[in-house]
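Heads up, the thing below is written out as structure tokens.
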Amino acid sequence: MKLNDLVCQTSEWLKGTGPNSEMVMSSRVRLARNLTEIPFAHRARRDKQLAVMSLVRPAIESTKILKTSFFVDLSELNSLDRQFLLERHLISHELAEGKGVRGVVIGEREMVSIMVNEEDHLRIQCIQSGLQLMDAWRLIDRIESELDAKLKFAFSRNWGYLTACPTNAGTGMRASVMLHLPSLVLTKQIGKVLQAITKLGLVARGLYGEGTEPSGNYFQISNQVTLGQSEEEIIDNIERVIKQIIGHEENARKALLGKGKRQLEDRVFRAYGILKNVRVIDSNETINLLSALRLGVDLGLTKDVSRRTLNELFIITQPAHLQKLHGKTLTPGQRDMKRAELIREKLSGK
Amino acid sequence: MLCEICGKSQATVHYTEIINNESSETHLCEDCARKKGAMLKPHFPLADLLSGLIDFNLPLTLEDKGRGKCPQCGLTYSDFKKIGRLGCGQCYDTFKESLAPLLKRVHGSNEHVGKSSALAGKAMQEATLQLRELQERLQKAIQREEFEEAARLRDRIREIEKKTRKSAASE
Ligand SMILES: [Zn+2]
Ligand SMILES: [Zn+2]
């Protein structure tokens, strides 16, 4: 397997299945780990960065789950390929834009990926479809234990796993859930919900994590605290909060179906109509229309489209994906046309 | 209260920022708060706390107690304040006095309770076994009145005890 094979593959987490998948797109757990006695990537000289790579890669590639993985050397990639991996949530901004010796190991069906020499020596992540944080944690826990037997991680009894940024110290774990909350946005309750979240020690972000703006009514909710709570406690806390948010979104959906059903249908089918007939469209409009259509699918207003198709469109209509699919660079204007073409094709089921 | 940026919508997001010792309150509508969150540099970790819009007093003005450089990576505490990142695992020990209150403020805790590195457990076990063996040998040496040997063993025991205490406290 290599990078270009990913173009025609659908990631496991885009299946649109799993618990609460009518509102929860995906669950992600990531762990930060560093090798002891070697400076963190931003402070390590090239020889030390190489040392990290040569210690870590064989260890990763001999774990049970990552035996069939493949490695991508980020220092050899052009910006299009880096953007492509970013759009698939396989790497972070930091790794894409970084310098020096760095790479990512990608597991089967893109469920697990491990970034090497990002902010921390290792960033191990697992993404699954629907609300499955505990499952994702269990999988990642197994991988980490195998790695722990082979590598010496920087660890302190008081402060747990030591990370480049103290906001990650302790468990080094960030658990996050991607939620689709169109009805809370439509009924203008989202502000209150997000405010309540921060009081519970959680953070809401946009689609691509830190510093990105929420778009298409998607919100990524994750834990802020990593020290003083066990991994299970952190996950329990998030899941409890997520279930409450889901409850609010459900109520808002019911309310919209009651009083404003015609308006809601109008919104959904207008979006569907545009998407099926569009000739030129940018990614922002695409995301917003896909969100409206998804709400219609989740409410059973239309059965013509599957959630999986919508999830897929969500990823493949982004700039780097469009260009990879066409095998060449496209100007923004060309992309808007190719995007429209791709959407029409996918929605007509051909 | 109206949003301080657009002045049109109701402010629903409120938070406190501390910059250069001055605390200022900000009141924004949801849209502007989102935009502001997006404008913050994505990878500056303390700014990251802000983008979460947490009502939080940032410990940016923390007294630099841990003077000097990290022996392993050469980072100073003021480097850390500038870049928001530590240089290596050893930094945590070097700057522990400054980091302890910072971690406490960020996480509300100073005590790790999650998964432990197996290695840390193993090192502790090994030290315990070694101590037990040395203590037995010390007893025997005293019984045999081999005081020179006993003194040597006692020093080794003290050394190991000091090391494990230190590692239990910080590393
Ligand atoms: Zn405003
Ligand atoms: Zn250091």
Side-chain angles (χ1 to χ4, degrees), chain A residues 34-40 42-44 93-94 119 141 144-145 148-149 152-173 190-192 194-195 198-199 201-206 209-214 224-234, chain B residues 10 12-15 29-30 33-35 37-43 45-49 51-55 72-75 80 83-93 96 99-100 102-104 106-120 124 167-171:
Chain A
N34 288 285
L35 302 184
T36 182
E37 284 161 23
I38 301 181
F40 303 142
H42 72 97
R43 212 166 165 80
H93 250 287
E94 174 120 0
E119 180 178 304
D141 182 24
E144 198 270 347
S145 294
D148 184 49
K152 269 170 94 179
F153 290 141
F155 179 84
S156 115
R157 217 166 290 276
N158 269 2
W159 293 338
Y161 291 95
L162 305 175
T163 51
C165 178
T167 56
N168 293 317
T171 58
M173 185 180 82
I190 193 72
K192 261 187 262 162
L194 295 183
Q195 231 187 320
T198 65
K199 294 210 177 88
L202 303 180
V203 183
R205 299 189 173 104
E210 280 179 27
T212 60
E213 194 172 353
Q224 183 74 61
V225 167
T226 54
L227 186 64
Q229 293 174 13
S230 72
E231 292 83 356
E232 283 86 359
E233 280 174 316
I234 292 171
Chain B
Q10 199 68 24
T12 54
V13 180
H14 314 276
Y15 65 97
C29 75
E30 201 196 306
R34 268 195 232 148
K35 276 180 206 142
M39 274 164 5
L40 290 166
K41 265 205 200 142
H43 297 295
L46 296 175
D48 176 29
L49 288 177
S51 77
L53 302 173
I54 282 190
D55 183 67
Q72 186 166 274
C73 74
L75 191 95
F80 165 62
I83 59 179
R85 287 192 208 150
L86 294 157
C88 71
Q90 186 70 43
C91 286
Y92 279 86
D93 196 38
K96 62 175 173 241
L99 287 175
L102 184 142
L103 285 163
K104 177 93 183 167
V106 171
H107 298 285
S109 167
N110 243 321
E111 205 71 44
H112 174 60
V113 291
K115 187 172 184 177
S116 281
S117 173
L119 195 80
M124 202 62 182
S167 75
S170 67
E171 252 263 285

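For clarity, every value in this text was computed on a predicted model and none was experimentally measured. Chain letters run A, B, ... following the sequence lines, proteins first, then strands; residues in each count from 1.
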Q) Can you name the residues that form a ring-ring contact (aromatic ring centres under 6.0 Å, His included) with A/Phe40, not counting sequence neighbours? A) none

Q.
Any donor-acceptor pair under 3.5 Å linking the side-chain atoms of B/Ser117 with those of A/Lys152?
A. no

Q.
Within the structure provided, determine whether A/Pro166 and B/Leu102 are in side-chain contact (heavy-atom separation under 4.5 Å).
A. yes

**Q.** Interface moiety of A/Ile234 toward chain B, non-hydrogen atoms closer than 4.5 Å
**A.** neither

Q.
Please classify the contact between A/Glu233 and chain B as side chain, backbone, both or neither, with a heavy-atom cut-off of under 4.5 Å.
A. side chain

Q: Between chain B and each of A/Asn168, A/Asp141, A/Thr171, count heavy-atom pairs under 4.5 Å; write down the option with the most.
A: A/Asp141

Q: Supply the atom-to-atom distance A/Asp148 CG to A/Phe153 CZ, rounded to the nearest 0.5 angstrom.
A: 6.0 Å

